[in-house]
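Everything below concerns the one structure shown next.
When a residue number appears, it is its place in the shown sequence, counting from 1. For clarity, every value in this text was computed on a predicted model and none was experimentally measured. Both ligands and their constituent atoms are indexed starting at 1 by order of listing.
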Amino acid sequence: MTPTIAIFGASGDLTSRKLVPALFELYRKKRLPEGIRIVGFSRTRFSHEAWREKLAETTAQFVGERFDAELWRQFAPSIFYQPGDIDNPADFVALDGFLQSLEGDQPTTRIYYLSTAPQLYDAALAQLGAAGMTREDRGPRRVVIEKPFGTDLASAQSLNRKVHEAFDEHQVYRIDHYLGKETVQNILVLRFANSIFEPIWNRNYIDHVQITAAEDLTVGHRAAYYDSVGILRDMFQNHLLQLMTFTAMEAPAQFEANAIRDEKVKVLRSIRPMKPEEVANDTIRGQYRKYRDEPGVPPESETATFGAVKLHIDNWRWQDVPFLLRSGKAMSCRTTQIVIQFRAAPHMMFQGGPRAPFESNRLVIQVQPAEGVQLHFQTKVPDAGMKLRLTDLSFNFRDKFASGMPEAYQRLLLDVLHGDASLFSRADEVELAWSIIDPIQRGWEHPGWPPLALYESGGWGPPNSVEWMCRQYREWFDTCPVLK
Ligand code: BG6
């Protein structure tokens with residue numbers, strides 16, 4: 001079935017920066033179904049031709065040297081534009097008519113991609129439902145919903161209700177672009193396609209797990225939006241908790257959407273909800289010093305741009321193994337990494353051996369910028385008595401695979417086209433994630449729970465985050481990408 005993708009909010013940033021470049025790359029790799037139609041819908045008036053020209057420019061900019069003008073000329077006729085207003089039912093009837101005129105009598109897979117401002121999601125869903133565009137009598141109808149999926153549990157539940165008034169859950173694809181990253185998927189392969197990791201992947205061998213998503217960028221032109229969101233909603237509820245569930249979940253019996261999501265949901269259900277009095281002790285919140293000077297940020301803003309959170313999973317595998325999640329803007333570099341910190345050897349007979357538990361084995365799964373895995377272990381320094389040093393074994397995708405690493409959206413768009421929801425969040429999953437974040441967010445709304453610590457740009461967040469780890473006899477793995 002030749003598919004149609006209708007993008008709502010088509011004149012926005014995401015379409016030009018991510019979606020169309022990803023679709024073009026897929027076209028270049030001959031992965032898109034023959035005859036695919038990509039239709040933009042938003043209020044700005046464009047002719048088909050004017051929109052194609054605008055996208056040619058932005059795609060060339062974001063695809064870089066892989067952009068090929070001749071290929072774009074072949075691809076461009078599959079792109080169309082239909083102006084319309086999300087609030088106007090007649091515009092949806094017109095859109096449906098236009099899509100049918102493209103599709104003819106053949107059954108078609110239709111994908112509705114919501115990339116509008118989130119406050120328009122309810123209206124878009126209701127209009128799609130009311131116009132009869134979600135019925136599957138002429139082929140599959142799917143909806144892709146961009147983040148943020150709500151701003152707390154109550155709003156996520158309300159949005160899920162709106163989604164389910166128009167669509168059945170099997171039609172829904174809630175995006176978290178971290179799940180489209182190759183190394184995130186590779187966590188499952190590392191754990192469940194090898195036999196050597198599984199026996200030690202538990203409380204008997206692992207002291208704690210650190211998950212860091214550091215960005216060197218400041219909030220910049222997104223400051224006005226960011227100020228109402230903050231680091232917990234922006235990074236923890238979605239990306240960090242997704243990384244945590246992939247690291248902690250049990251092996252699903254099949255690589256299949258519901259089997260995978262069932263296991264992730266079990267992890268989320270087992271995360272111990274934080275009590276109000278624990279928020280002050282088990283979290284750190286910070287703000288980079290220049291944040292309040294960003295245009296659009298109120299001078300008294302208490303919005304956190306850095307967060308560190310200690311979570312516990314109450315199940316057999318992970319009892320007493322803290323998961324230390326951390327993310328921040330304006331940090332020393334861009335790196336996303338999962339550090340599995342193993343326990344120290346039970347007895348150290350070498351005088352020159354590690355002095356601290358955090359010098360014992362660790363597995364670093366580097367999600368970005370370079371993707372790969374590094375195993376740290378003690379070795380003997382040659383010609384220096386029995387002096388030991390932590391050294392490593394590295395695997396970097398780039399060294400082993402010539403094909404290059406695709407952008408996350410390529411994989412996710414292909415999965416939606418194929419009807420595979422394994423890498424998308426289910427309704428219960430997003431709600432559970434909010435139920436973990438909400439108590440922390442509520443705690444942070446009290447001044448001093450914990451106090452907002454200012455930090456200099458270009459470091460690893462506020463100094464009290466380091467002290468917080470020291471008090472736990474632990475240390476952050478503050479290393480800019482270990483793999484280049
Ligand atoms: C987005 C957040 O979801 O993820 C941004 O809204 C953040 O604030 C971005 O910068 C990080 O994504 P990536 O893929 O660059 O790590």
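- Side chain of Gln127 to backbone of Phe92: no donor-acceptor contact under 3.5 angstrom is found.
- By the 30° and 60° cut-offs, the orientation of the rings of Tyr178 relative to His239 is parallel.
- Below 30°, between 30° and 60°, or above 60°: for Phe67 and Phe24 the angle between ring planes is between 30° and 60°, a tilted geometry.
- Listed by chain and number, the residues in a salt bridge (charged side-chain N to carboxylate O under 4.0 Å, His left out) with Glu256 amount to none (sequence neighbours excluded).
- Using a 4.0 Å cut-off between a side-chain N of Lys or Arg and a carboxylate O of Asp or Glu, Glu25 and Arg66 qualify as a salt bridge.
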What short N/O contacts, under 3.5 Å, does ligand 1 make with the protein, listed by atom pair and distance?
residue: ligand 1; atom: 3 (O); partner: Lys147; partner atom: NZ; Å: 2.7
residue: ligand 1; atom: 3 (O); partner: His239; partner atom: NE2; Å: 2.7
residue: ligand 1; atom: 4 (O); partner: His239; partner atom: NE2; Å: 3.4
residue: ligand 1; atom: 6 (O); partner: Lys147; partner atom: NZ; Å: 2.8
residue: ligand 1; atom: 6 (O); partner: Arg222; partner atom: NH2; Å: 3.0
residue: ligand 1; atom: 6 (O); partner: Asp234; partner atom: OD1; Å: 2.6
residue: ligand 1; atom: 6 (O); partner: Asp234; partner atom: OD2; Å: 3.4
residue: ligand 1; atom: 8 (O); partner: Arg222; partner atom: NH1; Å: 2.8
residue: ligand 1; atom: 8 (O); partner: Asp234; partner atom: OD2; Å: 2.5
residue: ligand 1; atom: 8 (O); partner: Lys329; partner atom: NZ; Å: 2.7
residue: ligand 1; atom: 10 (O); partner: Glu215; partner atom: OE1; Å: 3.3
residue: ligand 1; atom: 10 (O); partner: Glu215; partner atom: OE2; Å: 2.5
residue: ligand 1; atom: 10 (O); partner: Lys329; partner atom: NZ; Å: 3.1
residue: ligand 1; atom: 12 (O); partner: His177; partner atom: NE2; Å: 3.2
residue: ligand 1; atom: 14 (O); partner: His177; partner atom: NE2; Å: 2.8
residue: ligand 1; atom: 14 (O); partner: Lys181; partner atom: NZ; Å: 2.6
residue: ligand 1; atom: 15 (O); partner: Arg334; partner atom: NH2; Å: 3.3
residue: ligand 1; atom: 16 (O); partner: Tyr178; partner atom: OH; Å: 2.5
residue: ligand 1; atom: 16 (O); partner: Gln368; partner atom: NE2; Å: 2.6

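- For CZ of Arg28, the number of neighbouring non-hydrogen atoms (other residues, nucleotides, ligands) closer than 6.0 Å is greater than 12.
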